[in-house]
Amino acid sequence: MDAGAEAARLWGELPLRVDWAAVAAQCAYAWAQARAFVVVPAIRLLVLLSLAMTVMILLEKLFVAAVYLTVKALGLKPERRYRWRPIGAVDEEEALTGGGSAAFPVVLVQIPMYNEREVYKLSIGAACALEWPAERLVIQVLDDSTDPVVKDLVEIECKRWKGKGVNIKYEVRGNRKGYKAGALKEGLKHSYVQECEYIAMFDADFQPESDFLLRTVPFLVHNPDIALVQTRWKFGHIV
């Protein structure tokens with residue numbers, strides 16, 4: 001008898017019998033233990049976390065509502081808390097410095113873009129329409145587009161506005177490190193930026209009102225302790 005036949009004979013003589021009912025019972029017991037000590041506590045923890053987050057969001061909404069109602073009731077406005085007056089308003093100090101456009105600080109407007117085919121004209125047009133002395137305004141379009149067609153369109157739009165006398169810069173870089181934040185940081189490395197005193201940042205689909213700088217920059221000029229002015233914005237994205 002060969003080895004294979006002998007192994008088959010020995011295997012057949014083994015008292016092997018599977019009690020499937022017992023196996024099913026063991027599996028059910030194991031699942032019940034896992035559910036009791038793992039699944040149920042995990043679900044309870046997730047429910048508690050969800051409730052905690054819900055309470056936090058509710059408290060935040062109530063706080064914002066309270067602040068809003070307080071501001072409305074008391075008539076509080078930034079102009080009442082901080083010094084604000086139009087730039088270019090002639091007083092003794094500005095009369096000595098010559099007033100006029102020289103009273104306006106040089107402002108850099110940054111617009112980071114990435115394949116913004118639908119909105120690039122709107123955002124560039126809104127930035128170029130800002131009311132500010134042309135010689136005191138620099139518009140910087142930071143294009144990280146990977147679509148060559150979109151990149152060409154953005155560059156052409158910048159050249160079109162440049163032909164109208166707008167001081168607009170079209171800048172690209174060789175990588176997308178840091179994405180749009182990285183593009184903004186890279187844009188500050190250009191030599192002409194050193195002449196700019198303030199920076200306004202708009203995303204590619206933002207459409208600032210034409211008097212945006214006239215309303216916001218005075219807070220920075222007349223209040224040295226203020227470093228940032230944040231406002232509501234209007235934006236449009238076409239899907």
Side-chain angles (χ1 to χ4, degrees), residues 1-73 76 110-120 122-123 141-151 154 172-189 199-208 227-239:
M1 182 182 296
D2 59 8
E6 181 65 19
R9 186 184 65 81
L10 293 175
W11 183 258
E13 292 177 356
L14 288 175
L16 182 62
R17 187 173 63 87
V18 177
D19 188 347
W20 293 109
V23 171
Q26 289 293 328
C27 291
Y29 175 78
W31 166 243
Q33 293 295 102
R35 182 176 59 183
F37 295 102
V38 178
V39 177
V40 172
I43 293 177
R44 286 178 177 173
L45 178 60
L46 291 175
V47 170
L48 291 176
L49 290 175
S50 299
L51 290 174
M53 293 179 65
T54 301
V55 172
M56 290 172 60
I57 293 173
L58 176 61
L59 292 176
E60 179 187 15
K61 297 295 184 182
L62 291 175
F63 175 76
V64 172
V67 172
Y68 174 80
L69 293 175
T70 302
V71 169
K72 285 293 184 180
L76 300 178
Q110 289 187 304
I111 310 175
M113 291 196 170
Y114 177 69
N115 296 336
E116 314 285 352
R117 179 190 292 268
E118 294 83 4
V119 296
Y120 74 94
L122 296 175
S123 56
V141 177
L142 306 164
D143 191 9
D144 275 355
S145 298
T146 54
D147 186 334
V149 175
V150 176
K151 187 182 288 285
V154 175
V172 297
R173 55 182 181 149
N175 60 75
R176 293 199 63 230
K177 182 180 180 181
Y179 303 101
K180 287 189 174 182
L184 292 169
K185 182 178 179 180
E186 190 71 20
L188 297 177
K189 296 179 181 180
I199 303 172
M201 297 179 181
F202 303 121
D203 202 357
D205 56 354
F206 284 18
Q207 300 174 38
L228 172 70
V229 175
Q230 183 175 2
T231 71
R232 288 184 176 183
W233 58 84
K234 176 183 177 182
F235 63 94
H237 195 81
I238 303 173
V239 180

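Side chains of Met113 and Val150 form no contact here, defined as non-hydrogen atoms less than 4.5 Å apart. Using a 4.5 Å heavy-atom cutoff, the side chains of Glu116 and Tyr114 are in contact. Counting heavy atoms from C-beta on, the side chains of Phe63 and Val67 come closer than 4.5 Å. Within the 4.5 Å cutoff, the side chain of Leu188 has heavy atoms near those of the Ile199 side chain. Side-chain contact between Arg117 and Val149 is present, with heavy atoms from C-beta onward closer than 4.5 Å. Within the 4.5 Å cutoff, no side-chain heavy atoms of Glu186 are placed close to those of Leu142.
Looking at Asp205, its side chain never comes within 3.5 Å of a backbone N or O of Val119 through a donor-acceptor pair.
Under the side-chain contact (heavy atoms from CB on, under 4.5 Å) criterion, Ile43 pairs with Val39, Val47, not counting sequence neighbours. In terms of the ring-ring contact (aromatic ring centres under 6.0 Å, His included) criterion, Tyr120 has no residue partners (sequence neighbours excluded).
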| task | Carefully, step by step, assess Asp143 and Ser145 under the rule side-chain hydrogen bond (donor to acceptor under 3.5 Å, both in side chains). | result | CA-CA 6 Å; Asp143 191 9; Ser145 298; 2.5 Å; yes
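In this structure, Leu49 CG and Thr54 OG1 are separated by 10.5 Å, a value rounded to the nearest 0.5 Å.
Across every non-hydrogen atom of Arg35 and Pro41, the tightest pair is O-CD, 4.1 Å. Contact between Ala66 and Thr70 at its shortest, heavy atoms only, is O-OG1, 2.7 Å. Residue Ser123 comes nearest to Asp203 through the heavy atom pair CB-O, 4.5 Å, listed as atom of the first residue, atom of the second, then distance.
A salt bridge does not link Asp144 to Lys180: none of the charged side-chain nitrogens sits closer than 4.0 Å to a carboxylate oxygen.
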